[in-house]
Amino acid sequence: MHDLRKTNVGRHGPHHLPLFSRPCNKNFKFYTKQRRDKNLITAAVLLIVSPASAGYTIDIPKGTPQINKPTQGGFFMYYSSGNYEAFARPEKPEGVDHKSAYLIGSGLAALSAACFMVRDGQMKGEHIHVLEKDPIPGGACDGYKYQDIGYVMRGGREMDNHFECMWDLFRSIPSIEDENVTVLDEYYWLNKHDPNYSLCRATVNCGEDAHTDGKFGLSDKGAMEILKLFMTPDEQLYDKKITDFFDDEVLNTNFWLYWRTMFAFENWHSALEMKRYLQRYIHHIGGLPDFTALRFTRYNQYESMILPMVKYLESYGVQFHYGVKVTNVAFDCANGKKQATRIDTLRDGHEECIDLTENDLVFITNGGCVENSTIGSQTTVAPLKFDLKEGGGWDLWRKIAAQDPSFGHPDKFCYDPELSNWMSATITTLDQRIVPYIKKICKRDPFTGKVVTGGIVSVKDSSWLLSWTLNRQQQFRDQPKDQLCVWVYSLFSDKPGDYVKKPMRECTGEEICQEWLYHIGVPVDQIEDLAANSANTVPCMMPYIDAFFMPRAAGDRPDVVPEGAVNFAFIGQFAETKRDTIFTTEYSIRTGMERFTPC
């Protein structure tokens with residue numbers, strides 16, 4: 001793996017403040033039928049505004065001409081669509097050479113924001129500081145090989161052609177394999193030459209094709225339930241669950257199997273987020289059963305997306321500070337203005353602070369879907385940890401939210417991890433004995449370097465609601481060419497398995513592999529031997545992975561740029577932008593674009 005650990009600290013911002021300027025003041029206050037179904041659903045497309053392109057952002061009152069409107073903090077931002085402005089090179093913002101930026105976290109949103117500051121904002125790289133509590137960047141976009149444990153992918157990412165902000169960004173990021181092309185070039189030609197599609201979307205009866213055959217199985221009543229949700233105003237969906245709108249006419253259909261396993265929805269999740277997904281991905285309805293609309297990277301998300309961004313930023317002198325926990329951000333909220341005045345940090349056991357002026361921009365990744373994630377091993381369980389610690393995204397958000405109502409309500413999302421957890425596991429094959437069972441289901445040779453399963457294969461009769469996938473192999477650059485990395489996940493971590501008679505959360509990697517082998521058709525008398533000797537399996541528990549889907553109302557997520565903000569913004573999956581849907585790479589990158597945009 002690439003070692004991104006480095007010594008801190010380099011040059012600082014234009015005020016020549018040391019990054020950690022003084023001891024912390026602890027007295028601060030914290031606080032057919034199928035066709036008919038598709039037609040009924042897609043008929044609503046005429047009611048949708050097309051997904052926004054890489055235009056720049058804040059809301060303009062209805063009827064206002066599309067001209068620059070200053071915000072409280074002196075930025076000029078507005079929404080736009082199309083590529084007219086997206087392709088134009090921005091003018092250098094006045095005074096940018098006298099500004100510094102501090103990004104809390106190094107996930108996709110923060111890295112995107114830094115890239116946009118360098119490219120569009122033309123801020124000097126040495127004035128940009130990324131504060132990361134872990135030893136490497138990437139946040140939820142990971143892909144590591146842990147010594148003595150094995151390969152780990154906590155999750156994966158599905159992209160499509162209409163991720164306008166993402167493609168706007170990656171058209172400027174050089175590939176780390178060929179500096180003469182961009183990440184977008186690399187990605188485009190990969191998916192052009194090797195288009196994605198699935199040959200088996202679901203199985204039953206230990207590896208048999210479930211023959212969902214692209215059918216949704218929706219009755220007229222079920223289709224109308226979906227359309228009713230689609231048409232319901234947002235205000236009537238606040239704090240409502242999916243089950244307030246859908247009954248068994250939807251929840252017991254192939255449509256819901258496709259939907260929930262692809263997007264990781266639970267029945268009790270937010271009806272508002274479900275509506276947003278329906279509107280955002282209306283163009284995918286026809287491809288929902290076979291994933292023809294999806295695009296995937298060549299390698300895991302860390303090596304394909306995060307590393308190129310980090311290399312790009314480092315080439316401009318952006319400062320990465322690893323092992324730095326941000327424990328609080330202090331604000332002065334008075335007279336209609338809100339200004340970040342101090343960042344409290346914990347580094348090497350020492351409490352320190354960064355004093356801020358109006359020229360110091362702060363961008364906060366609040367919350368965290370992979371916070372408290374744990375990994376096990378072939379022989380150990382991934383423990384379930386609910387307690388939120390200082391220096392994590394949830395604790396930080398709670399302290400920030402206590403300072404002003406516009407900073408959101410974190411406990412609407414993290415109050416009960418039993419409602420937001422699921423588990424994944426990375427299975428690495430060690431020989432060829434499991435491969436025939438994979439090939440029988442996916443109907444492809446997994447060693448060609450091309451599309452294998454073409455998306456997840458969901459086990460329709462799994463008590464865990466288990467799904468699994470093989471993306472293009474090898475998934476890691478250093479992965480042996482005779483090995484495969486399989487990603488497995490289950491929405492029901494608390495239900496006993498069908499072969500292993502206990503919940504996934506109580507299983508070692510080997511036991512999780514046994515359950516998967518059972519469902520792909522391995523004879524029962526061979527399962528234990530293959531799980532022990534032909535595979536290495538690493539489980540991962542993520543208590544808050546679905547927290548953003550919890551029922552919510554307006555104001556529960558802070559706006560990217562809150563009303564009256566002078567020098568800060570919120571970014572990532574728990575910041576509010578009306579133009580996209582959470583749990584996507586596009587949402588993270590869009591908030592990164594919105595949070596610093598020159599005009």
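Nothing fancy with the numbering, it's 1 onward along the sequence.
Side-chain atoms of Q474 come within 3.5 Å of backbone atoms of K481 as a donor-acceptor pair (strictly under, hydrogens ignored). In this structure a side-chain-to-backbone donor-acceptor pair under 3.5 Å is missing from W464 to L491. A distance-only check finds no donor-acceptor pair linking the side chain of E266 to the backbone of W268 [under 3.5 Å]. A side-chain donor-acceptor contact under 3.5 Å links R472 to the backbone of D194. In this structure, N205 contributes its side chain and E208 its backbone to no donor-acceptor pair below 3.5 Å. A donor-acceptor distance shorter than 3.5 angstrom exists from the side chain of S462 to the backbone of L466, with no hydrogens or angles considered. Using a distance-only test at 3.5 Å, with no hydrogens or angles considered, a donor-acceptor pair links the side chain of N300 to the main chain of Q475. Checked by atom type and distance alone, the side chain of Y587 pairs as donor or acceptor with a backbone atom of A575 at under 3.5 Å. Judged by distance alone, the side chain of D178 and the main-chain N or O of N180 form a donor-acceptor pair under 3.5 Å. Under the 3.5 Å distance criterion, the side-chain polar atoms of W468 are left unmatched by any main-chain donor or acceptor of W516.
Considering only heavy atoms from C-beta on, M542 stays 4.5 Å or farther from M423 through its side chain. F447 is listed as a side-chain neighbour of V435, based on a closest heavy-atom distance under 4.5 Å. Using a 4.5 Å heavy-atom threshold, the side chains of M153 and S424 count as separate. L227 places none of its side-chain heavy atoms less than 4.5 Å from the side chain of L229. At least one side-chain heavy atom of L237 sits less than 4.5 Å from a side-chain heavy atom of F245. D209 has its side chain out of reach of T203: every pair of non-hydrogen atoms, C-beta onward, lies at least 4.5 Å apart. At a threshold of 4.5 Å between non-hydrogen side-chain atoms, the residues F549 and M274 do not count as touching.
Ring geometry for Y277 versus W259: interplanar angle over 60°, hence perpendicular rather than tilted (30 to 60°). By the 30° and 60° cut-offs, the orientation of the rings of F265 relative to F263 is perpendicular. The aromatic rings of W167 and F170 sit tilted relative to each other, their planes meeting at an angle between 30° and 60°. The aromatic rings of Y302 and Y144 sit perpendicular to each other, their planes meeting at more than 60°, with 30° as the lower class boundary.
With no hydrogens or angles considered, a side-chain donor-acceptor pair links Q479 and Q473 at under 3.5 Å. If you check the side chains of Y151 and D478, you find a donor sitting under 3.5 Å from an acceptor. A donor and an acceptor atom, one from each side chain of D185 and T182, are located under 3.5 Å apart. The closest side-chain donor-acceptor pair between R505 and S493 falls under 3.5 angstrom. At a cut-off of 3.5 Å, with distance as the only test, a side-chain donor of D498 or S463 sits close to an acceptor on the other residue. Counting only N and O atoms by type, the side chains of Q483 and T429 include no donor and acceptor under 3.5 Å apart. No side-chain donor from either of D290 and S198 sits under 3.5 Å from a side-chain acceptor of the other. Side-chain polar atoms of N196 and R295 form no donor-acceptor pair below 3.5 angstrom. Remark: the R260 side chain and the N267 side chain contain an N/O donor-acceptor pair separated by less than 3.5 Å. Side-chain atoms of Y258 and T212 include a donor-acceptor pair closer than 3.5 Å. Inspection of the H283 and D160 side chains reveals an N or O donor paired with an N or O acceptor under 3.5 Å. In summary, the side chains of R119 and S172 do present a donor paired with an acceptor at a separation below 3.5 Å, with no hydrogens or angles considered. For E273 and T581, the side-chain atoms include no donor-acceptor pair closer than 3.5 Å. A side-chain donor from one of T261 and R201 sits under 3.5 Å from a side-chain acceptor of the other.
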(message) Apply side chain to side chain contact (heavy atoms under 4.5 Å, CB included) to residues I176 and R477 and explain how you reach the verdict.
(response) CA-CA 12 Å; I176 61 174; R477 285 183 171 86; 3.8 Å; yes
(message) side chain to side chain contact (heavy atoms under 4.5 Å, CB included), that's the test. Do L199 and R444 meet it? Break it down for me.
(response) CA-CA 9 Å; L199 295 173; R444 292 184 174 107; 3.9 Å; yes
(message) With side chain to side chain donor-acceptor pair (under 3.5 Å) as the criterion, how do D431 and S534 come out once you've worked through the C-alpha distance, each side chain's angles and the decisive distance to 0.1 Å?
(response) CA-CA 6 Å; D431 56 35; S534 294; 2.8 Å; yes
(message) Could you walk me through whether F476 and Y299 satisfy the ring pair (Phe, Tyr, Trp, His ring centres under 6.0 Å) test, starting with their C-alpha distance in whole Å, then the side-chain angles of each, then the deciding distance to 0.1 Å, before giving a yes or no?
(response) CA-CA 6 Å; F476 294 81; Y299 297 105; 8.9 Å; no
(request) Under the side chain to side chain contact (heavy atoms under 4.5 Å, CB included) rule, what do L530 and Q514 come out as? Steps first, then yes or no, please. (result) CA-CA 8 Å; L530 291 184; Q514 291 174 8; over 6 Å; no
(request) Could you check K145 against E303 for salt bridge (Lys or Arg N to Asp or Glu O under 4.0 Å), going step by step and ending with a plain yes or no? (result) CA-CA 12 Å; K145 184 179 182 181; E303 292 181 287; over 6 Å; no
(message) Evaluate F413 against F574 for ring pair (Phe, Tyr, Trp, His ring centres under 6.0 Å), listing each step before the verdict.
(response) CA-CA 9 Å; F413 304 97; F574 295 94; 5.6 Å; yes
(message) For T453 and T469: C-alpha separation, side-chain torsions, deciding distance, then whether side chain to side chain donor-acceptor pair (under 3.5 Å) applies.
(response) CA-CA 6 Å; T453 58; T469 184; 2.9 Å; yes
(message) Evaluate M166 against M305 for side chain to side chain contact (heavy atoms under 4.5 Å, CB included), listing each step before the verdict.
(response) CA-CA 10 Å; M166 181 174 184; M305 295 191 295; 3.4 Å; yes
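In this structure, E179 places its CD atom where only 12 or fewer heavy-atom neighbours from other residues, nucleotides or ligands lie under 6.0 Å away. Within 6.0 Å of OH on Y146 lie more than 12 heavy atoms contributed by other residues, nucleotides or ligands. Annotation: K240, atom NZ; neighbour count of heavy atoms from other residues, nucleotides and ligands within 6.0 Å does not exceed 12. For K443, the NZ atom counts as densely surrounded, since its 6.0 Å shell holds more than 12 non-hydrogen atoms of other residues, nucleotides or ligands.
Atoms CZ and CG, on F492 and N421 in that order, are 11.5 Å from each other to the nearest 0.5 Å. Distance OH/Y437 to NE2/H519: 16.0 Å, rounded to 0.5 Å. Taking CE of M224 as the reference point, atom NZ of K221 lies at 11.0 Å (rounded to 0.5 Å). Taking CG of D244 as the start and OG1 of T232 as the end, the distance is 11.0 Å to the nearest 0.5 Å.
Between E594 and K578 there is no salt bridge, since no side-chain N of the basic residue sits under 4.0 Å from a carboxylate O of the acidic one.
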